[in-house]
Amino acid sequence: AVVNRDGAGGAFNDIQDAIDYVNSLDGGNILIRTGTYYPGTTINLYSNIGLIGEGIGQTVIDGSNIGGTSRVLYILGSNFASGGSVTVTSGTTTVVGTSTSFDSTLTAGDYLAVQEDNSSKYWLEIASRTNAGTLELVTAYRGRTLGTLAYDLIRPIKNVTLEDLSVVNGTALLNEGIDISYGINVKTNFIEVNNSESDNILSFKSNNVLIQNSILRNSSDGYGIETNAVSNLVLDGVDTNNNAEGGISVFQGDDTRII
């Protein structure tokens, strides 16, 4: 799909409309032509979608018209955790819950994220829910046995790419430029996130997040990038100058690399 400001030639003139259309086709790339776009509400992204611009400072998504405690771009999965704890025994596919009530809507492709040291370190793909206290995994777990640990049950937004664009002026109260929560395999490349009221990028309980060749500057009340309980985070060639709280904040993360 293609987005341009006037919608000429059969293109979309609204980014969210293009995302919704591509999502109905189970994913694909969206080319956003040069211009400045002013969404009135948060832009929500879904699995298997790429937003590709025509360059930093050329394709600009300006959040100055978004009110409330909102984000400019939102990558938001779901969490179905029900309390209790889980045990995952090495060499098996069976997960046993203690005092759990696993949601009946859990399905293949959801993830069990087992927590240790307050971080979701182990992301295991679910094959099926057997009952309120038992899950089956896609593949046998091969690490050391994980006993009676806290967990999350996550239906992630997966395989999202943001490339060659700018996200600016997330200036509403507590407004992030980009929020990645409950995501897997999220990548940015050659993007700018600038002048957010809160963090330029915030990521929470996500796995395999790659931020590369990106400019994250001028947050007025946050960090260039702030992460909480994110596993397998790579920051490669990231400019985080001139943010009010600092450049990078990593809290309760596992396997973070800054290159």
Side-chain angles (χ1 to χ4, degrees), residues 42-45 51 56 61-64 66-79 81 111 113 115-121 123 150 152 154 156-158 160-163 165-259:
T42 294
I43 295 172
N44 294 287
L45 285 120
L51 285 189
I56 289 175
I61 303 173
D62 188 317
S64 57
I66 300 174
T69 55
S70 302
R71 298 90 176 149
V72 182
L73 299 182
Y74 207 2
I75 300 166
L76 176 66
S78 303
N79 190 349
Y111 280 76
Q115 298 178 20
E116 191 173 55
D117 301 327
N118 296 312
S119 180
S120 299
K121 289 187 175 182
W123 287 70
D152 292 292
I154 293 173
I157 300 297
K158 299 183 286 188
V160 173
T161 298
L162 305 173
E163 190 169 310
L165 52 80
S166 297
V167 178
V168 303
N169 296 333
T171 51
L173 178 66
L174 301 179
N175 197 331
E176 291 91 20
I178 300 172
D179 187 334
I180 306 163
S181 295
Y182 309 123
I184 293 181
N185 300 332
V186 177
K187 180 178 76 172
T188 76
N189 191 28
F190 294 107
I191 72 165
E192 170 194 32
V193 189
N194 192 10
N195 197 35
S196 301
E197 197 277 341
S198 187
D199 301 317
N200 281 311
I201 295 180
L202 172 68
S203 187
F204 177 67
K205 288 190 176 179
S206 296
N207 186 27
N208 290 336
V209 175
L210 170 61
I211 310 296
Q212 61 182 354
N213 304 316
S214 296
I215 301 166
L216 313 175
R217 291 182 179 175
N218 302 320
S219 165
S220 61
D221 194 27
Y223 294 91
I225 179 168
E226 180 177 10
T227 69
N228 186 340
V230 173
S231 295
N232 302 306
L233 170 69
V234 177
L235 305 177
D236 182 3
V238 177
D239 177 349
T240 57
N241 287 322
N242 198 35
N243 296 286
E245 293 296 323
I248 299 168
S249 173
V250 176
F251 181 66
Q252 294 179 345
D254 181 59
D255 193 11
T256 297
R257 287 174 287 162
I258 301 174
I259 302 171

### Summary
Trp123 and Gly183 have their tightest heavy-atom pair at CH2-O, 4.5 Å

#### Entry: Given Leu45, Ile157, Ile211, Ile180, the one that forms side chain to side chain contact (heavy atoms under 4.5 Å, CB included) with Val186
Ile180

#### Entry: Pairs touching residues 182-192 that satisfy salt bridge (charged side-chain N to carboxylate O under 4.0 Å, His left out), sequence neighbours left out
none

### Query
What heavy-atom pair brings Ile201 and Leu216 nearest, and what distance separates the two atoms?
CD1-CD2, 3.7 Å

### Message
Using side-chain heavy atoms (C-beta onward) and a distance below 4.5 Å, is Ser196 in contact with Glu176?
### Response
no

### Query
With a 4.5 Å limit on heavy-atom distance, are the side chains of Ile259 and Val234 in contact?
yes

### Task
Can you tell me which residue pairs pass the salt bridge (charged side-chain N to carboxylate O under 4.0 Å, His left out) test with a partner in residues 224-236, sequence neighbours excluded?
none

### Query
Is Lys205 close to Asn228 at the side-chain level, that is, under 4.5 Å between some pair of heavy atoms?
no

### Query
Looking only at atom types and distance, does a side-chain atom of Thr188 sit under 3.5 Å from a main-chain N or O of Leu162, one as donor and one as acceptor?
no

### Task
Report the residues that fulfil salt bridge (Lys or Arg N to Asp or Glu O under 4.0 Å) with Asp239, sequence neighbours left out, ordered by chain and then residue number.
Arg217

### Message
I need the Leu165 CG to Leu51 CG distance, nearest 0.5 Å.
### Response
6.5 Å

### Query
Within the side chain of Asn194, is there an N or O that forms a donor-acceptor pair under 3.5 Å with the backbone of Ser166?
no

### Query
How would you list, by chain and number, every residue that makes a side-chain hydrogen bond (donor to acceptor under 3.5 Å, both in side chains) with Asn79, sequence neighbours excluded?
Asp152

### Query
Can you find a heavy atom in the side chain of Ile178 that is under 4.5 Å from one in the side chain of Ile191?
yes

### Query
Once you round to the nearest 0.5 Å, how far does NZ of Lys158 lie from CD1 of Ile75?
14.5 Å

### Task
Please name all residues satisfying ring-ring contact (aromatic ring centres under 6.0 Å, His included) with Phe190, sequence neighbours left out, ordered by chain then number.
none

### Task
Please confirm whether the backbone N or O of Asn243 pairs with a side-chain atom of Ser219, one donor and one acceptor, at under 3.5 Å?
no

### Query
How long is the span from the CD atom in Glu245 to the OG atom in Ser198, to the nearest 0.5 Å?
9.0 Å

### Task
Please list all pairs passing the ring pair (Phe, Tyr, Trp, His ring centres under 6.0 Å) test where one or both residues lie in residues 192-250, with sequence neighbours left out.
Tyr182-Phe204

### Task
For the residue pair Thr42 and Ile66, establish whether any side-chain heavy-atom pair is separated by less than 4.5 Å.
yes

### Query
Pick from Leu210, Thr256, Ile258: which one makes a side chain to side chain contact (heavy atoms under 4.5 Å, CB included) with Leu233?
Thr256

### Task
Answer yes or no: is there a side-chain heavy-atom contact under 4.5 Å between Val72 and Asn175?
yes

### Asn189 and Asn213 side chains, donor-acceptor separation under 3.5 Å
yes

